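Chain A is the first sequence line, chain B the second, and so forth, proteins listed ahead of strands; every chain is numbered from 1. Note that the structure is predicted; figures quoted are calculated from it, not measured. Basis for what follows: all heavy atoms, side chains included, without hydrogens, waters or symmetry-related copies.
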Number of protein chains: 2
Amino acid sequence: MTKVIQVKPPRVFSDLKPWLQNHYQDLPKRLQSVAVFAMHNPDVIALNTIASISEQVGVTPSAMVRFAKSLGYQGFSDMQMVFQESMRHVPQPYSERLNSMQRSADTKQTVLSHFTQAASESIARLEHNVDANALLKASEQLAQARVVYIAGQGRAEPVVAYLHYTLVKLGVHSVVLTGMPHSMADKARMLKEDDVLLAISFSPYTANTRELVDICLANNTNVVALTDSTLSPIARGDDFHLEVLEEEVSGFRGLSATMCLALCLAVETGRVRAELGNQ
Amino acid sequence: MTKVIQVKPPRVFSDLKPWLQNHYQDLPKRLQSVAVFAMHNPDVIALNTIASISEQVGVTPSAMVRFAKSLGYQGFSDMQMVFQESMRHVPQPYSERLNSMQRSADTKQTVLSHFTQAASESIARLEHNVDANALLKASEQLAQARVVYIAGQGRAEPVVAYLHYTLVKLGVHSVVLTGMPHSMADKARMLKEDDVLLAISFSPYTANTRELVDICLANNTNVVALTDSTLSPIARGDDFHLEVLEEEVSGFRGLSATMCLALCLAVETGRVRAELGNQ
DNA sequence: ACCTAAACGAAATATATATTCCAAATTGTG
DNA sequence: CACAATTTGGAATATATATTTCGTTTAGGT
């Protein structure tokens, strides 16, 4: 049997790279080709089949298997997992474990750290994923509104309260839509064309908020939606929607990133309004 | 045969997202679950097998295939290619960032980034500064309460709403104290010794919330306080107070860290309550 | 140049994975 | 409430993919 490097192979890509450099010299010719290719195109290794990769490298499929085995992996598939992990954008297990490990055996601290970790990740993702253009458009809509009506239930209610509080402080005329479902619907029908509905809704989506959106769209009243998914029933092609996804910890979703976005939306609205010269 | 959307399905991920949004409503329940998951975890779809993904989504493998087909793809594998392409030349963050950058004249992106940075810093500080013991004690107080009465005004109101929402979901009997100042005071005087007041208050401190705390302490009712400073008038030696300080951006204070702490407090309360064996 | 040991490629095999099919359950409708 | 249509889960099937095997080739040492 061909010589196999005895020590356990690296299970994370960042370890694999320097590790492979050391053993590169000792590899047979074909296997060196594979090594060079793998270091230059990790994404190809991660995503393609042996047949496809080996063709690109210019070797036979069996060479790929030998390569993986000579590195100490069980087979090609085993090695491929390491490459796949390197391009997953949610190394949540890692960061979570690391964080927990750093903290000493204090259980309460680690519980909090789970939540802070989730919050940080949610916020980081928010920053990367938010459509800046959508944010601007939404702010403009709100800034131009005669009155901003805010609606949302359940987990969205704190967001409603915060947006209301901040918008009022900024001098934007805003009203929270409350009450029984049918009375809310009645109120929604009263909105004028120069009003705006600011609807906040998260999964599981309440039928009520959705109904309000339907009513407003039917009346040509503009709608700005804040939701956790573009697939939300309140997100339509003809409104302005912002998306924020909260990381969940053992079944609980926070509101850290959502609140951050809400504040930003409110402040931007104030800024745009000031630019437009409304008092 | 199940209804299939006729038009050719999108071959690039960025087209798939809005496209799915339009057809989302028409999908069966299980297929909607898949859709939501797919939009939230594209990397999982790209890298895992049907069996693994379907387990994570909570549906059967055949549902995954039906999903792909109902979208017009030949099968799951066909659809998976689209997801793989999206992460092919690895750094998706870059391309996405660039895209957002050129789309907007860079001002919006940086405005949001100010807020996200402030939020992240606040959360990091929260993690270091929180007194783990105080958190535990506070949770125990809330867990042992017959009824938790929650009070807070202004910027604290969203926190009140969130704590109320989460505690109720966890089966903790909790009530929000609302109304005119003097009627709230009257209500506060009704609290029994085995009730707990959960008071949230931030600078500038409202006299009202402070008064409630005074009343409860005089009546030997336990108080758990959530504030932005130990110097807050509602934080006393003889109550249990948690402290969270939000970084401010051009005069505006967010609630990201506060919400994180609130969720943690609520979940801990639920956990302690379960440990105590209360129904 | 010969011999030996390692490396290699092609095909056979084993395994994993996706897809199809159908009966049961669910949902919507008259 | 019953009927029809749709949706769903699980097993059977088909396909794709990795792995092993083995005869052949190559390279290095004497």
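Between A/S77 and the phosphate of D/dT19, there is a side-chain N or O to OP1/OP2 separation shorter than 4.0 Å. Residue A/K29 places no side-chain N or O under 4.0 Å from the OP1 or OP2 atom of D/dT26. Taking 4.0 angstrom as the limit, B/R30 places a side-chain polar atom (N or O) nearer than this to OP1 or OP2 of D/dG9.
Taking atom CG of residue B/L31 and atom C1' of nucleotide D/dG9, one finds them 13 Å apart after rounding to whole Å. Remark: C1' of D/dT21 and NZ of A/K69 are 11 Å apart, rounded to the nearest angstrom. Atom CE in B/M64 sits roughly 10 Å away from atom P in C/dT19 (whole-Å rounding). Distance CD1 (A/I53) to C1' (D/dT19): 15 Å, rounded to an integer number of Å. Computed from coordinates, the B/E55 CD to D/dG9 P distance equals 14 Å when rounded to whole Å.
Two residues are said to be in side-chain contact when any heavy atoms from C-beta on lie closer than 4.5 Å; B/V159 and A/P158 fail this criterion. The closest side-chain heavy-atom distance from A/E243 to A/V130 is not below 4.5 Å.
Comparing C/dG9, C/dA18, D/dT8 by their nearest atom to the side chain of B/R66 picks out D/dT8. The A/P28 side chain lies nearest to C/dA7 when the options are C/dA7, D/dT8, C/dG9. In the set D/dT8, C/dT20, D/dA18, C/dT20 carries the atom at the smallest distance from any side-chain atom of B/V65.
Taking for each of B/D26 and B/S62 the nucleotide of DNA chain D with the nearest heavy atom, the 5'-most of the two is the partner of B/D26.
A donor atom on one side chain and an acceptor atom on the other are not found under 3.5 Å apart for A/S256 and A/E246.
To the nearest 0.5 Å, the span separating CG on B/L71 from CG on B/D78 amounts to 11.0 Å.
A/A51 comes within 4.0 angstrom of sugar-phosphate atoms only, judged by non-hydrogen atoms across all strands, and of no base. Note on A/T49: only backbone sugar-phosphate atoms sit closer than 4.0 angstrom, heavy atoms only; bases stay farther off.
For B/S52, the side-chain hydrogen bond (donor to acceptor under 3.5 Å, both in side chains) criterion is met by B/N48, B/Q56, not counting sequence neighbours.
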